[in-house]
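Input: a single structure, listed below in structure tokens.
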Amino acid sequence: LADYTIALQTEPDHPNSLENRCVIYLNKQNYTAALADAEQYVRTHPEIPRAWLLRAFTQDRLGRPDDAITDYTKCIELNPNDEEPYGNRGVIYYNAKQNFEAAKADFDAGIRLNPKKGVNYVNRARCWVKAGNKTEALKDLESARQLGEKIDENLRQAAMNL
């Protein structure tokens, strides 16, 4: 943290230093400081998808789901082949917005881009439960389990009881 702070005093717009210090602040749960770095990163390097991803993640941690969705969407526009912003935006659609169709669409995209990431199957299974589709929910939970994800027993039971 100290080294990146010194580096940013020398070169305030250095992308790697902004990114790395932002990540350190996120790990320390200092979301206000993380947001300041993410804002600077986006302002000075709007062409870098990671800047938007970090700002979106920080916005979410600060309880600003609409801002996070906007930033994840920009990140996806800049790099539509990255699974991470789809999965993260899907979680916000599911939890904060209760928009299960939009969430499922994002988890679908995440699975298409990275079929080996089990958490997207778990999250899509939650959407299938909300839609009342037992077959697809159980299928996704099994895919997630095969990929090494721990399956919450309450979710499994909810799927079984459809």
Side-chain angles (χ1 to χ4, degrees), residues 4 7-8 11 13-27 29 31 34-131 133 135-152 155 159:
Y4 288 120
L8 288 166
E11 191 178 339
D13 299 337
H14 188 262
N16 291 346
S17 296
L18 286 167
E19 176 178 339
N20 292 332
R21 191 171 74 173
C22 180
V23 169
I24 291 169
Y25 283 138
L26 286 169
N27 288 332
Q29 298 180 6
Y31 302 127
L35 182 61
D37 281 352
E39 293 278 1
Q40 179 72 4
Y41 196 10
V42 165
R43 189 171 36 258
T44 57
H45 303 284
E47 75 286 359
I48 299 177
R50 182 88 173 144
W52 295 93
L53 182 86
L54 287 171
R55 190 170 79 172
F57 189 84
T58 305
Q59 299 277 23
D60 183 35
R61 291 297 177 268
L62 288 168
R64 301 174 184 167
D66 293 326
D67 293 333
I69 287 170
T70 298
D71 285 351
Y72 280 130
T73 301
K74 181 63 176 180
C75 181
I76 290 165
E77 288 172 12
L78 291 170
N79 184 7
N81 296 316
D82 183 6
E83 166 275 325
E84 187 176 7
Y86 288 103
N88 291 355
R89 187 177 70 178
V91 169
I92 295 170
Y93 277 134
Y94 186 93
N95 291 327
K97 305 308 265 176
Q98 302 288 293
N99 184 339
F100 307 118
E101 289 180 26
K104 184 189 163 299
D106 276 350
F107 300 135
D108 288 343
I111 289 167
R112 273 192 310 277
L113 291 167
N114 184 0
K116 301 290 187 195
K117 189 169 182 181
V119 70
N120 285 325
Y121 291 95
V122 171
N123 287 330
R124 188 171 71 179
R126 288 186 172 98
C127 295
W128 287 124
V129 168
K130 290 292 185 183
N133 190 325
T135 302
E136 293 299 323
L138 291 174
K139 183 175 152 187
D140 275 353
L141 289 175
E142 178 56 22
S143 294
R145 187 194 65 73
Q146 289 178 3
L147 291 168
E149 289 294 319
K150 185 177 185 318
I151 306 303
D152 178 84
L155 176 58

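Applying the side-chain contact (heavy atoms from CB on, under 4.5 Å) rule to E11 yields the partners H14; only residues at least two apart in sequence or on another chain are considered. Legend: residues meeting salt bridge (Lys or Arg N to Asp or Glu O under 4.0 Å) with R145, ordered by chain and number and at least two apart, are E142. Every residue two or more places apart in sequence or in another chain that forms a salt bridge (Lys or Arg N to Asp or Glu O under 4.0 Å) with K97 is listed here: D66. Listed by chain and residue number, Y121 satisfy the side-chain contact (heavy atoms from CB on, under 4.5 Å) test with S143 (two or more places apart in sequence, or in another chain). Every residue two or more places apart in sequence or in another chain that forms a side chain to side chain donor-acceptor pair (under 3.5 Å) with N123 is listed here: R126. Checked against salt bridge (Lys or Arg N to Asp or Glu O under 4.0 Å), E101 has no partners two or more places apart in sequence or in another chain. Scanning for side chain to side chain donor-acceptor pair (under 3.5 Å) contacts around R61 gives an empty result, with sequence neighbours left out. Listed by chain and residue number, nothing satisfies the side chain to side chain donor-acceptor pair (under 3.5 Å) test with T70 (two or more places apart in sequence, or in another chain). Partners of D67 by side chain to side chain donor-acceptor pair (under 3.5 Å), not counting sequence neighbours: none found.
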L155/V129 under side-chain contact (heavy atoms from CB on, under 4.5 Å): CA gap, chis, key distance, verdict: CA-CA 8 Å; L155 176 58; V129 168; 4.0 Å; yes

Test log, rule side-chain contact (heavy atoms from CB on, under 4.5 Å), inputs D82 and L113: CA-CA 7 Å; D82 183 6; L113 291 167; over 6 Å; no

Derivation and outcome, side-chain contact (heavy atoms from CB on, under 4.5 Å), residues N88 and D60: CA-CA 9 Å; N88 291 355; D60 183 35; over 6 Å; no

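Closest heavy-atom contact between A68 and I92: CB-CD1, 3.5 Å. When all heavy atoms of G87 and N120 are compared, the pair lying nearest together is CA-OD1, 3.8 Å. Shown here for A144 and G118, the closest heavy-atom pair between the two residues is CB-O, 3.6 Å. For the pair L78 and P80, the tightest heavy-atom approach, listed with the atom from each and the gap, is C-CD, 3.8 Å. Closest approach of L147 and P115 over heavy atoms only: CD1-O, 3.5 Å.
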Would you be so kind as to tabulate the donor-acceptor pairs closer than 3.5 Å made by side chains of residues 49-59, with sequence neighbours excluded?
from : atom 1 : to  : atom 2 : distance (Å)
R50  : NE     : E19 : OE2    : 2.9
W52  : NE1    : P46 : O      : 2.8
R55  : NE     : D71 : OD2    : 2.6
R55  : NH1    : E39 : OE1    : 3.0
R55  : NH2    : D71 : OD1    : 2.9
T58  : OG1    : L54 : O      : 2.8
Q59  : OE1    : R64 : NH1    : 3.3

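A donor-acceptor pair is defined here as one N or O able to donate and one able to accept, closer than 3.5 Å; such a pair exists between the side chain of Q98 and the backbone of N95.
Separating the CG atom in D37 from the OG atom in S17 is a distance of 9.5 Å, to the nearest 0.5 Å. To the nearest 0.5 Å, atoms CG (L138) and CG (N133) are separated by 9.0 Å. Rounding to the nearest 0.5 angstrom, the gap separating the CG atom in N16 from the CG atom in L8 is 10.5 Å. In this structure, the separation between CD1 on I151 and CG on D140 is 9.5 Å, given to the nearest 0.5 Å. A distance of 8.0 Å separates CD of E84 from SG of C75, quoted to the nearest 0.5 Å. Distance CZ/R21 to CG/L18: 7.0 Å, rounded to 0.5 Å.
Pairs engaging residues 72-119 under the ring-ring contact (aromatic ring centres under 6.0 Å, His included) rule: Y94-F100 [sequence neighbours left out]. Pairs passing the salt bridge (Lys or Arg N to Asp or Glu O under 4.0 Å) check and including a residue from residues 107-122, sequence neighbours excluded, read E83-K117, K104-D108, D108-R124.
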